[in-house]
Structures are given as structure tokens and as C-alpha cells.
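What follows is a set of notes on a single structure, which appears directly below.
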There are 2 protein chains.
Amino acid sequence: MASLAEENYLKLIYHLSGSGAEEVSTNALAEQTQTRAASVTDMLRKLADKNLVHYKKYQGVRLTQDGQEVALQVIRRHRLWEVFMVEKLGFRWDEVHPIAEELEHIASEELINRLDAFLGFPVSDPHGDPIPTAAGAMPSAEYEKLCEVTAGQQVTMMGVLEHAASFLQFLSKAGLIPGSVVSVLEINDFDRSMILKINESAPSFVSYEVARNILIKFSV
Amino acid sequence: MASLAEENYLKLIYHLSGSGAEEVSTNALAEQTQTRAASVTDMLRKLADKNLVHYKKYQGVRLTQDGQEVALQVIRRHRLWEVFMVEKLGFRWDEVHPIAEELEHIASEELINRLDAFLGFPVSDPHGDPIPTAAGAMPSAEYEKLCEVTAGQQVTMMGVLEHAASFLQFLSKAGLIPGSVVSVLEINDFDRSMILKINESAPSFVSYEVARNILIKFSV
DNA sequence: ATAAAAATTTAGGCGAGCCTAAATTTTTAT
DNA sequence: ATAAAAATTTAGGCTCGCCTAAATTTTTAT
Ligand SMILES: [Mn+2]
Ligand SMILES: [Mn+2]
Ligand SMILES: [Mn+2]
Ligand SMILES: [Mn+2]
């Protein structure tokens with residue numbers, strides 16, 4: 001029903017709206033899609049005609065119920081394929097996103113549900129992002145950012161906010177991957193950088209910029 | 001490089017030309033692509049401009065070396081995904097073709113080579129069709145048709161020439177799948193229908209039309 | 001409150017891949 | 001050898017997603 005271009009817009013609107021909470025601007029969409037604002041306007045009119053978005057001229061855009069269902073479906077496919085590539089094909093977590101951008105448009109529901117079962121119904125992808133269920137529910141994982149942890153506390157690494165390959169590669173080198181146990185040894189007041197103990201290895205340093213993009217949960 | 005539509009034309013030209021042996025006519029392509037002859041002519045001009053086919057007006061079309069490489073690449077992807085769906089996801093052999101028609105256009109070579117390894121480098125797909133290698137070589141399997149076997153001989157089922165789901169379902173019910181051992185008990189002179197013994201089960205009847213679409217090799 | 005700046009939409013156009021209708025070329029039948 | 005039939009190409013047009021340039025609306029600054 002929704003074309004490849006339409007699916008990409010819906011997914012992007014979902015992400016930029018903060019899971020549907022706020023209106024998304026034409027310019028924000030143009031920037032992320034690498035297209036011009038005029039092209040975005042064209043597409044928003046088409047999505048509105050198909051009842052996939054609420055759109056009033058100059059007022060920004062929001063997903064309808066139908067639009068959100070399509071977006072979650074696409075996100076589900078994307079994340080399941082990422083799990084497949086990492087768990088079954090041996091890809092690294094910094095390699096899979098561009099390929100998942102293509103695979104996420106394969107429409108067969110039978111395929112994706114069988115893939116889900118084959119993978120053992122994973123609840124999150126290699127980057128710690130939650131995987132929507134077949135029914136279209138997004139598991140809400142409420143994590144903190146590493147930069148908000150105080151010195152002396154122990155936490156578990158749960159995911160990332162930034163998905164750039166270079167960032168992911170840096171984290172791998174530091175041993176900072178989902179599941180890693182992290183103790184905050186010291187916080188530098190001046191630049192908010194941290195010294196961490198990661199999984200029993202020697203202390204390592206991370207900048208505030210890095211800590212701000214790492215999701216954690218407090219160890220119980 | 002080649003668009004989805006171009007990949008589909010190249011693959012189809014490969015198949016209709018009998019693996020590149022003969023010229024393919026505009027009308028033959030129009031029939032298979034479910035488009036009009038005028039549209040095919042448009043596309044052939046574009047493929048010729050990209051040096052993917054040899055094309056002279058009114059003379060039919062043939063793949064170039066480059067075109068054949070693309071075609072074999074697409075066929076490789078199609079058949080590997082079919083193996084994946086049947087072997088790993090539990091699909092039946094009559095269900096996978098339409099989904100593979102979409103998956104075959106996912107371009108990543110890294111993905112397809114890792115999939116190949118994950119599947120154990122299969123040499124043929126669920127329908128018995130050979131899988132081109134990463135290097136682009138098509139393993140030539142020289143099989144006979146079941147309709148050419150004489151009474152009293154024992155053969156092994158190796159594949160099919162017809163891929164329609166209804167035909168495949170019929171074969172499954174009869175136990176006629178790749179690997180099955182088949183003895184020809186009787187051949188009816190009048191309509192060339194056969195009575196077969198398949199894998200030790202009770203004798204079953206197949207029409208000439210069916211036998212003509214089954215590939216076999218003689219048991220040694 | 002108003003003018004400048006920024007954001008957004010409208011207008012007109014382009015390539016890909018398809019269409020119908022009308023030529024044109026090739027093949028087949030006499 | 002020629003005329004009818006079949007196959008193919010050309011001409012002109014359509015939709016989808018995109019573009020640039022110009023208008024319009026909203027926001028920000030004074
Ligand atoms: Mn991703
Ligand atoms: Mn991810
Ligand atoms: Mn197939
Ligand atoms: Mn097949």
C-alpha cells in the first residue's frame with residue numbers, strides 16, 4: 001500500500017516526532033531525507049490524502065493511527081533484520097544499518113514473523129533499540145543516559161542514542177556494548193568527562209559527548 | 001548501478017534466451033513483464049545505452065557480458081534467499097518465489113556472501129535450480145526430463161521446469177520433491193502418462209504434462 | 001507595531017517507467 | 001512477387017518523486 005518513499009517518510013516522522021509526541025516541521029524532514037523542502041511539502045500532501053498523516057499547511061505534520069502503524073511495522077522489520085545480520089551472519093553492529101535500510105521495505109508479514117520466531121523473538125536490536133511486536137506495540141524501555149550517573153555507581157550498558165558507525169566502532173574498542181557492566185570511577189567537573197571501569201578491564205576515559213549518547217540502567 | 005526494473009529485465013532476458021543462447025523478442029519480454037511492447041522498446045534502448053544488452057531495432061536483444069553478470073548476480077540472490085526461507089524459516093517450496101522476487105534486489109554483496117556461508121554454500125535452490133557462485137559462474141546441471149525415462153528405470157528427482165505454486169503443491173502431495181527416488185513402473189502409449197513408485201510408497205499416476213516438467217538424473 | 005528573516009508553499013519542470021494510438025518494418029501466405 | 005498479418009518502433013502523454021525559482025505565511029528582531 002505505502003510506497004518505499006512513503007514508508008521512509010512515515011518512519012522518519014515517527015522518529016523526529018519523538019515517538020509521535022510532537023509536530024514535525026517540513027525543514028526537519030527535508031534535512032534528514034536529503035531533499036528540498038518543496039519536495040517534502042509534495043509528499044506530505046500525498047500522505048495526508050492517504051490518511052497517513054495529519055497535515056495543516058505551515059503547521060507541521062503528525063502521524064495518524066494508520067501512519068503510526070505503518071511506521072512501527074517498518075521499524076520492526078529494520079530492527080529484526082539488524083538482529084539477523086549480527087546474530088546469524090556475523091556482521092558487526094556498526095555495519096548493519098545501511099543494509100537494514102533496504103531490507104526494511106520487504107513487505108511480507110509472513111516473512112518477518114517467521115524471521116522473528118527464528119531469532120527467538122528478540123526484544124531489542126543490536127543497538128539496544130526496542131523491537132515493535134507483530135501486533136504493533138513498541139516496548140517502551142526507560143533508560144538513563146550515562147552522563148547522568150554519579151561517581152561510584154555501577155550500571156549496565158543498554159543501548160545508544162547515536163548510531164554513526166564511527167561512534168559504534170569507538171564503543172566496541174572500549175568494550176562498551178549492550179550488556180557491559182560499567183562503574184563510574186571519577187567525573188571531571190570541568191568538562192564532565194568520566195573515568196569508567198568496564199567489565200573488569202583497566203579504567204578508560206569517555207568524554208561528556210560520548211556519555212550523553214549511551215543508555216544505561218542501574219544495576220539492582 | 002542497475003535499477004530494480006533494469007535488474008528484472010536483465011534476469012528475464014537471461015531466462016528467455018536460454019541462458020544467453022538465443023535472441024529474445026520484444027513481445028516475449030512484454031508478455032512476461034506484463035507490460036506493453038512499446039514499454040519494452042523504451043527499456044531496451046536504455047539497457048543498450050548502458051551497455052547491458054546488444055540491441056538492434058527489430059532484431060531482438062541479447063545480454064552483453066556486463067548484462068549477464070548482473071543477471072547472474074540477481075539469480076544468485078533470488079535462489080539463496082529461497083534456500084534461506086525454506087531451510088531456516090520453515091517455508092514450503094511453493095511459497096517462497098514471490099518473496100524472493102523482492103529480496104533479490106537487495107544489493108549488498110557482503111550480505112549475500114555471508115548468507116551463502118550461513119547456508120553452507122548450497123549448490124541448488126529448493127526447486128533444484130543451480131545457484132550461481134560469488135564469482136558469477138552458473139553451475140550447469142544437465143538433467144533429463146522424467147517424460148523421457150523408459151519403463152523399468154529408476155531415477156532421482158532433481159528439480160522442476162515449472163514453478164507455479166499449484167504445480168509444486170501437487171508434487172509435494174505426491175512425494176515428488178528433489179531427492180525422491182522414482183521408479184517408472186508403466187508408461188501408457190496413448191497419452192504418455194506414467195505410473196511411478198516414489199520412495200517406497202504406493203504407485204501413483206502422473207500425466208505427460210507433469211512428467212515433462214520434472215527434472216531427473218539416472219541412479220548410478 | 002513593523003520590518004527583516006526564516007520557513008513553507010506554489011508554480012513549472014525533469015527523468016524513470018509505464019501507457020495508447022499511429023507509423024514502420026518484418027514475416028507469412030498466396 | 002505481392003498483399004495481408006504480425007511484430008516492433010515512434011510519438012505523445014501520464015504518475016511518482018524529485019528539482020529550482022518565486023510567492024506567501026510565520027517568526028523574530030527592533
Ligand atoms: Mn538501524
Ligand atoms: Mn538499530
Ligand atoms: Mn523463484
Ligand atoms: Mn527457485
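Every chain is numbered from 1, with letters handed out A, B, ... down the list of sequences.
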Hey, is the side chain of [X] poking within less than 4.0 Å of OP1 or OP2 on [N], counting only N and O atoms?
X        : N       : result
Ser3(A)  : dG17(D) : yes
Lys46(A) : dT15(D) : no
Lys57(A) : dT10(C) : yes
Asn27(A) : dA6(C)  : no
Thr26(A) : dT9(C)  : yes
Tyr9(A)  : dC18(D) : yes
Ser39(A) : dC19(D) : yes
Thr41(A) : dT9(C)  : yes

ask   = Ring centroid separation for Tyr9(A) and Tyr14(A), is it under 6.0 angstrom?
value =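 Judged by ring-centre distance (under 6.0 Å), Tyr9(A) and Tyr14(A) do not meet the cut-off.
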inquiry  = Aromatic contact between His78(B) and His97(B), with the criterion being ring centroids under 6.0 Å apart: yes or no?
reply    =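 When the ring centroids of His78(B) and His97(B) are compared, they turn out to be within the sub-6.0 Å range.
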Calculate the interatomic distance between [X] atom [atom1] and [N] atom [atom2]; express it in whole Å.
X        : N       : atom1 : atom2 : result
Tyr58(A) : dT27(D) : OH    : P     : 11 Å
Glu7(B)  : dA16(C) : CD    : P     : 16 Å
Leu44(B) : dT8(D)  : CG    : C1'   : 11 Å
Gln59(A) : dT27(D) : CD    : C1'   : 12 Å
Glu31(B) : dT8(D)  : CD    : C1'   : 15 Å
Glu6(A)  : dG17(D) : CD    : C1'   : 10 Å
Asn8(A)  : dC18(D) : CG    : C1'   : 14 Å
Arg36(B) : dT9(D)  : CZ    : P     : 16 Å

task = State whether the distance check finds a donor on one side and an acceptor on the other, under 3.5 Å, for side chain Asp42(A) versus base dC18(D).
result =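 By the distance-only test, yes, there is a pair.
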inquiry  = Could you tell me if Ser193(B) and Asp191(B) have a donor-acceptor pair between their side chains, going purely by distance under 3.5 Å?
reply    =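 Asp191(B) vs Ser193(B): donor-acceptor pair found between side chains.
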ask   = Do NZ/NE/NH1/NH2 and the carboxylate oxygens of Arg77(B) and Glu7(B) come within less than 4.0 Å?
value =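 Looking at Arg77(B) and Glu7(B), the cut-off is met.
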key: Option among His54(A), Glu22(A), Glu23(A) that satisfies the side-chain hydrogen bond (donor to acceptor under 3.5 Å, both in side chains) test with Arg62(A)   =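 Output: one option passes, namely Glu23(A).
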message = Just to be sure I understand the rule, does Ala5(A) reach a base, reach only the sugar-phosphate, or reach nothing, if contact means heavy atoms closer than 4.0 Å?
response =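 Since only primed, P, OP1 and OP2 atoms lie under 4.0 Å of Ala5(A), the category is sugar-phosphate.
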key: Test: Lys88(B) cationic atom under 6.0 Å from Phe118(B) six-membered ring centre, within 45° of axis   =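 Checked: cation-pi criterion met.
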Residue matched to [N] through Watson-Crick or wobble contacts both under 3.5 angstrom:
N       : result
dC18(C) : dG13(D)
dA7(C)  : dT24(D)
dT30(C) : dA1(D)

query = Given dC18(D), dT9(D), dT9(C), which nucleotide is nearest the side-chain atoms of Ala38(A)?
reply =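 Closest of the options to the side chain of Ala38(A): dT9(C).
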